[in-house]
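Accompanying notes for the structure given below.
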Amino acid sequence: MPAKAKHRRPKQHPIARRLAFAGTGGAALALPLISTTTAGAAVTQPATVASVTTLAPAAAAAAEKATIPLTYSVIGGDTLSKIAVEHSVNGGWQALYNANKSTIGGNPSLIQPGLKLSLGTAAKAAAARAKTISAEPAAPTYANNLDGWIRESLDVMAKHGIPGSYNGIHRNVMRESSGNPMAINNWDSNAAAGIPSKGLLQVIDPTFRAYHVPGTPMDSYDPVANITAACNYAAARYGSIDNVNGAY
């Protein structure tokens, strides 16, 4: 690239029903199923033949485990806020304090090491964690090719307020390097001066370092770093890479 300040590119048989009834003793089928809640109260549910015959042991164990109260033993340096965050307590530290007020006392800021705090049940904690995870947007993925490099660069540029469009970048890349991230110019005046133009947008090292954008590698051959630095330079000198239509 020329030396002029440019940065280049899812009927039970009657007999079977009678056998099942007899096998259970009749009265046993009239008993309710009982599950333990966090308060220790019994919740009853009418039993049916289907629930007796189809409730798998593993499923029953999982259902029981989901209602087991979770407790936490306070250690030095803990705060209710920290505990609430680390254990995904639904309602935050205020809910944690209200559930344990009789244990903590009147000041939520004073929790002593060794205190046993109730965190709710396993089912509630799992639901809270799932809600938190589902609320987090998935990180974007980019193809390891020119299209992916440009799109990743555009996302970095948007975070830093650097203007430029896909078409503007693509046009300049194809002119400067034909899409080869390892391209290097060894023949022009910059090369003669020992600072050859490199990468997709043919940027000389001084320009790359001056306009390098945080969050990208400090490597002028790195395609995303090269594009982003070049667009940062073009924005400062020409207003946008979109305004560059030749040697820059």
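These numbers come from a predicted model, not from an experiment.
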Atom CD1 of Ile162 and atom OH of Tyr211: how far apart are they, to the nearest 0.5 Å? 11.5 Å
I need the Tyr238 OH to Asn243 CG distance, nearest 0.5 Å. 10.5 Å
Could you check Asn245 against Arg171 for side chain to side chain donor-acceptor pair (under 3.5 Å), going step by step and ending with a plain yes or no? CA-CA 8 Å; Asn245 295 289; Arg171 181 184 70 249; 3.2 Å; yes
Following the transitive rule for hydrophobic clusters with a side-chain heavy-atom cut-off under 4.5 Å over Ile, Leu, Val, Met, Phe, Trp and Tyr, establish whether Ile75 and Ile83 coincide in one cluster. yes
Quick check against the 3.5 Å criterion: does Asn226 have a side-chain atom that pairs as donor or acceptor with the backbone of Lys198? yes
Look up atom OG in Ser177 and atom CG in Leu146, then write down how far apart they are to the nearest 0.5 Å. 7.5 Å
Spatial distance of atom CG (Leu96) from atom CG (Asn90) [nearest 0.5 Å]: 11.5 Å
Under a 3.5 Å distance rule, please check whether Thr228 uses its side chain to pair with a backbone N or O of Ala225 as donor and acceptor. no
If we ignore angles and hydrogens, is there a donor and acceptor under 3.5 Å between the side chains of Tyr166 and Asp147? yes
Take Asp242 and Ser165, measure what side chain to side chain donor-acceptor pair (under 3.5 Å) needs, and give me the verdict at the end. CA-CA 7 Å; Asp242 295 342; Ser165 70; 2.8 Å; yes
Taking only Lys NZ, Arg NE, NH1 and NH2, and the carboxylate oxygens of Asp or Glu, determine whether Arg151 and Asp155 approach each other closer than 4.0 Å. no
Are Ile184 and Met174 in one and the same hydrophobic cluster, where Ile, Leu, Val, Met, Phe, Trp and Tyr link if side-chain heavy atoms are under 4.5 Å apart? no
Is Asn190 reaching over with its side chain to a backbone N or O of Pro196, donor-acceptor style, under 3.5 angstrom? no
Measure the spacing between CD1 of Ile169 and CG of Leu154 and express it to the nearest 0.5 Å. 4.0 Å
Does Gln94 offer a backbone N or O that forms a donor-acceptor pair with the side chain of Asn98 under 3.5 Å? yes
Report yes or no: do Trp149 and Asn144 form a side-chain donor-acceptor pair below 3.5 Å? yes
Only one of Leu80, Ile111, Thr103 passes side-chain contact (heavy atoms from CB on, under 4.5 Å) with Tyr97, and that residue is Leu80
